[in-house]
Amino acid sequence: MNFTSTIWKLGSHLRNVASFHTTPVCKNIQLLTRLRVVDNSEIGKRAMAEGKPPKVIHVYNKRGLGGIGDKVMVAIKGQKKKGILVGLKKVQKPLVPKYDSNNVVLIDDTGTPLGTRIHAPIPTILRTILKSKTHVKGADYTKVLSIATKFV
Amino acid sequence: MRIGLCTYSGYKIYPGHGKTVVRVDGKTFTFLNSKCEAAYHLKRNPRKVTWTVLYRRKYKKGQEEEQTKKHTRRTQKFQRAIVGASLSDIMAKRNMKPEVRKAQREQAIRAAKEQKKTAKAAKKPVKVAPAKKKTAPKTKAAKVTKKATPRVGGKR
């Protein structure tokens, strides 16, 4: 019994000579990433219900990879809308929570959200991030936080 | 800084430790370390994992000092009146003094003996006038009643 099992193991090892190393999934927000709309805007609700989630077409970032609190341009139901990333699947910095889905809140150019309420929990780190992005005479991105119901 | 609790193990999470994860349904989970996180993702129920606080709470480990059930229920006993005898009758019988009891017993014995004698005498002259019986009603009545009652202070 023992003899045959060792022969079997040797044989399988010989077969897997060309084994390769793989890296884990990146989970970045980049071009054509599908997002989950977490506010109650009409477009968002309809898109998520239909099963056609918004796709990222531009990340307002030097790197092209979206992080938490970054503004993105999404294509949703044949329209171009802007949004703010409020939750990422990717592992974050120490005090930032990780989500099971990539969440986005739709906004317009002035930073006012298209929906009236966000039912998903929002990371509190967004307060500092969005405030730093907000310029006095530009768009006020912190308005998104005013419609949030729960913070994490 | 707030000291949170690990949702899996129940341990305290001091600042600088732990990881939080938010599920799609909005439920938040904080884990103390990768051990707790891994166990959660392996779908291990913390109520079955021996070292967690949830398990210890469920199986009441280490809580002997707090819980001491020394309240034993005791049923109240009290005298009730029976169909044959009222409460006062029962209490009278119970509280009768031993001398009284003895006197009653002797009386009952004497009455029984007398009755036996009369019974023997009555057998011979069968057709005795009922007037005779009526003339001595007191003694007979007394005898009868005495015999009817059960032994006073006797066996229960």
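Chain letters run A, B, ... following the sequence lines, proteins first and then strands; every chain starts at 1.
For residues 100-125 of chain A, the salt bridge (Lys or Arg N to Asp or Glu O under 4.0 Å) pairs, not counting sequence neighbours, are A:Lys82-A:Asp109.
Within residues 22-32 of chain B, the residues having any heavy atom less than 4.5 Å from a heavy atom of chain A are, in residue-number order, B:Val22, B:Arg23, B:Val24, B:Gly26, B:Thr28. Contacts between residues 41-59 of chain B and chain A, counted as heavy-atom pairs separated by less than 4.5 Å, involve no residue at all.
Other residues, nucleotides and ligands contribute at most 12 non-hydrogen atoms within 6.0 Å of the NZ atom of B:Lys102. Heavy-atom neighbours of A:Lys131 NZ from other residues, nucleotides or ligands within 6.0 Å: at or below the threshold of 12. Crowding of A:Lys98 atom NZ: a count of heavy atoms from other residues, nucleotides or ligands under 6.0 Å exceeding 12.
No chain of hydrophobic side-chain contacts below 4.5 Å, direct or via other Ile, Leu, Val, Met, Phe, Trp or Tyr residues, connects A:Tyr99 to A:Ile129. Note: the hydrophobic cluster containing A:Ile57 does not contain A:Met48 (ILVMFWY, side chain heavy atoms under 4.5 Å, direct or indirect links). A:Ile147 and A:Leu126 end up in the same hydrophobic cluster when Ile, Leu, Val, Met, Phe, Trp and Tyr side chains are linked at under 4.5 Å. Placement of B:Val21 and A:Leu88 in two distinct hydrophobic clusters is found when ILVMFWY residues are connected by side-chain heavy-atom separations under 4.5 Å, directly or transitively. Note: the hydrophobic cluster containing A:Leu65 does not contain A:Val104 (ILVMFWY, side chain heavy atoms under 4.5 Å, direct or indirect links).
The side chain to side chain contact (heavy atoms under 4.5 Å, CB included) check on A:Leu32 picks up A:Lys55, with sequence neighbours excluded.
Only the backbone of A:Val96 comes within less than 4.5 Å of a heavy atom in chain B; its side chain stays farther off.
The only option from A:Pro97, A:Pro123, A:Pro121 that meets the side chain to side chain contact (heavy atoms under 4.5 Å, CB included) definition with B:Thr20 turns out to be A:Pro97.
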